[in-house]
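Residue numbers start from 1 in every chain, and the chains themselves are labelled A, B, ... in the order their sequence lines are given, proteins ahead of strands. Side-chain atoms are counted along with the backbone in the values below, which use heavy atoms only and exclude waters and symmetry mates.
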Protein chains: 2
Amino acid sequence: MSTDQAPPTLEHVAKVAGVSRATVSRVVNGIRNVDPELREAVERAIEQTGYVPNRAARSLVTRRTGAVALVVSEPTKHTDAFAGGVFADPFFGRVVSGVLSVLGPMDVNPVLMLVDSEKARAQLINRLRQDRFDGVLLISIDPRDPLPAQLTQAGVPTVMFARPARSTPISYVDVAHEDGARLAADHLVARGCKQVATISGPLDTPAGQDRLSGFRSAMARHGQAYVPSAEGDFTQTGGERATEMLLLTQPFDGLFVANDLMAMGALDVLRKHGKRVPEDVSVVGFDDSGAALSCRPQLTTIRQPVEDMAAEMARLVVDRISGEGQRVTSVIFEPALVVRGSS
Amino acid sequence: MSTDQAPPTLEHVAKVAGVSRATVSRVVNGIRNVDPELREAVERAIEQTGYVPNRAARSLVTRRTGAVALVVSEPTKHTDAFAGGVFADPFFGRVVSGVLSVLGPMDVNPVLMLVDSEKARAQLINRLRQDRFDGVLLISIDPRDPLPAQLTQAGVPTVMFARPARSTPISYVDVAHEDGARLAADHLVARGCKQVATISGPLDTPAGQDRLSGFRSAMARHGQAYVPSAEGDFTQTGGERATEMLLLTQPFDGLFVANDLMAMGALDVLRKHGKRVPEDVSVVGFDDSGAALSCRPQLTTIRQPVEDMAAEMARLVVDRISGEGQRVTSVIFEPALVVRGSS
DNA sequence: TTGAAAGCGCTAACAC
DNA sequence: GTGTTAGCGCTTTCAA
């Protein structure tokens, strides 16, 4: 009855069932060529002993660990983890939630790793060489991140969340940024906006580029040839600064902001300048993050199905690991307009 | 030059260095009794071959995996992962960040697990019996969660984030809830509030209880014998409802809300009822979560050093695993008042 | 269809 | 101090 008794082994089960280790192994691994009677005997023995296979022993021979790494790759260490950092963003939790929803039931658990330095990157590569992970789920922030290319080259099954900035033969899931931007444009026009402007994300990121170009071309189709824009950095302060800039140039009655965090900043600045939202300026954000709900007025925004995307990302690695999905694949999700108070 | 060449083994290194496997093993594991010259030769050979120890092989013999589980234990599966769920809360990311800050450098990586059903719980216990984790970091939401007791009983080194509702001999980190509540009380009184009220958390949770009782006793010391209160559930809507209730009873010019999310809801309802914050009612929240910054006015709140707490939690498991910290321990952190616009 | 036996790469006695 | 050796628990040829 002691707690730290040695757990039952294959050998153990074999003895109880009166068969060889090999047979037990076959049953455990669901290999067909086993006499039904023996199979049943083995199953009873497993039940009886409470046998659970030892993963270390198994992966020593199979060279598979049944583990995938969930890697967050950030350019530099953020000193204040609270203010900066992906982790502070609820987005991270949503990814985790989506990933867990598919991996959990498969008995695969993601191992969390933060890569925020050269050293950490080397360590990750090492870990992979130790056979510690069968695959990698990668969230990369920095557009100049060498990690996607390194993982591809190392031959590690990898799937990214969002298309890498540098063109790389790697699988990823993403949202149709242009379509989202178009939804925003259509909505603003439908609300009667005559003169719209936009705050873009960093233009060295795919999301920054695509949301801007998508918005511009949609507005062009609506007859507005020129859309004033200011580049932001996806942070609240960045959104504030960009709004100030925009306010200096031309008047506008509609504003598309490339993410919710910046949109929050925009809301503040607009209020400070005596502009009422949505009466004077209609605002649309992007993401549908928690921020969209916590500001006043609540944000009309473009929803990214983050959990679904993360779930798909997990499915893709699992497929690649099992050898089913050999080719590099991308899965693009459609965003949706969520109308709230800001427009 | 092929990518999938078999990685170098101990044997390999031993041959290159001209010593036995045992010696290489000693060097790798930093055991002292090795001739400096040989040690150097071995180190060169390791460098040269690019050797990295195989964790599976190692843990097969040591019965240690060098992995800890980061378990989030929720009562039931939340259908809408976005709205509900711990993961949507930025708090989760902050915990992850803190945990990673100590585990990362130690080459230990947390394995993420969500326990939201009986089945998942059984699976976790199984995983532990497979020797897959050396320790567990547990975030438990439900006050009736049997997991803390189960892990204790199973003899797994476990450290919890926040004191368990059911008294259990288990290690944990927590914040001094009463002290935080006292800070809030002192602040409200200092701001000139004459009649304060409070919205508590669920009274079946330690946080709910302690913040309420701490606030009440601090107010008693300030001469306010009775503090009207309404019980909330730590959600924004819960905060709204509780505020409505409170507004029906007696007037108040100061309000302590047991967490920021509920405080946000309170802000909305107060505004709706024509109460200005902080002119008519001073509001203080608890947590200093992202929500505190994203509402208007920004929340004066009691800051929990979540990252530090999480980091300490990680240190505690590591100590317990290495056998240094054998006794059940608790580490309590002091909260701090953060003054912003709401009071 | 089943069993015997050879390792997977490592650590830890134990002998030298 | 160093090497030899016996496993850790499992999968997987290879014979039977």
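Rounded to whole Å, the distance from CG on L10(B) to C1' on dA6(D) is 16 Å. Rounded to whole Å, atom C1' of dG3(D) lies 14 Å from atom CD1 of I31(B). As rounded to whole Å, 6 Å separates atom P of dG3(D) from atom CG of L38(B). Spacing between atom CZ of R58(B) and atom C1' of dC10(D) amounts to 20 Å, rounded to whole angstrom units. dG7(D) atom P lies 12 Å from atom CD of E11(A), rounded to whole Å. Atom P of nucleotide dA6(D) and atom CG of L60(B) are separated by 17 Å, given to the nearest angstrom. In this structure, the CZ atom of R64(A) is 15 Å from the C1' atom of dC10(D), given to the nearest Å. At whole-Å resolution of the value, CG in N33(A) and P in dT12(D) are 14 Å apart.
A salt bridge is defined here as a Lys NZ or Arg NE, NH1 or NH2 lying under 4.0 Å from an Asp or Glu carboxylate O, and E118(A) with R121(A) meets this definition. By the 4.0 Å N-to-carboxylate-O rule, D107(A) lies close enough to R55(A) to be salt-bridged with it. One finds a salt bridge joining R315(B) and E312(B) here, because a Lys/Arg side-chain nitrogen approaches an Asp/Glu carboxylate oxygen to under 4.0 Å.
Residue V34(A) is in sugar-phosphate contact alone, with no base atom involved, counting any heavy-atom pair closer than 4.0 Å across all strands shown. Using a 4.0 Å heavy-atom distance criterion, V19(A) is classed as a sugar-phosphate-only contact. Looking at heavy-atom distances under 4.0 Å, T9(B) makes contact with sugar-phosphate atoms alone, never a base.
Applying the ring pair (Phe, Tyr, Trp, His ring centres under 6.0 Å) test to residues at least two apart or on different chains, none of the pairs has a partner in residues 96-129 of chain A.
Here the closest heavy-atom approach between residue V159(B) and residue Y172(B) is recorded as CG1-CA, 4.0 Å.
Mapping P53(A) and R21(B) onto DNA chain D by nearest heavy atom places R21(B) closer to the 5' end of the strand. Both R26(B) and R55(B) sit near DNA chain C, but only R55(B) has its closest nucleotide nearer the 5' end. Closest-nucleotide positions on DNA chain D for Y51(A) and P36(B) were compared, and the one nearer the 5' end corresponds to P36(B).
Side-chain N/O atoms of N109(B) and R127(A) include a donor and acceptor closer than 3.5 Å.
If you check dT4(D), dG9(D), dG1(D) against the side chain of D35(B), the one that comes closest is dG1(D). Distance from the side chain of A22(B) is smallest to dT4(D) among dT2(D), dC10(D), dT4(D).
First and last contacting nucleotides of DNA chain C toward chain A (any atom under 4.0 angstrom from a heavy atom, 5' to 3' order): dT1(C) to dG9(C).
Under the 30°/60° scheme for interplanar angles, the aromatic rings of F92(B) and F92(A) are found to lie parallel.
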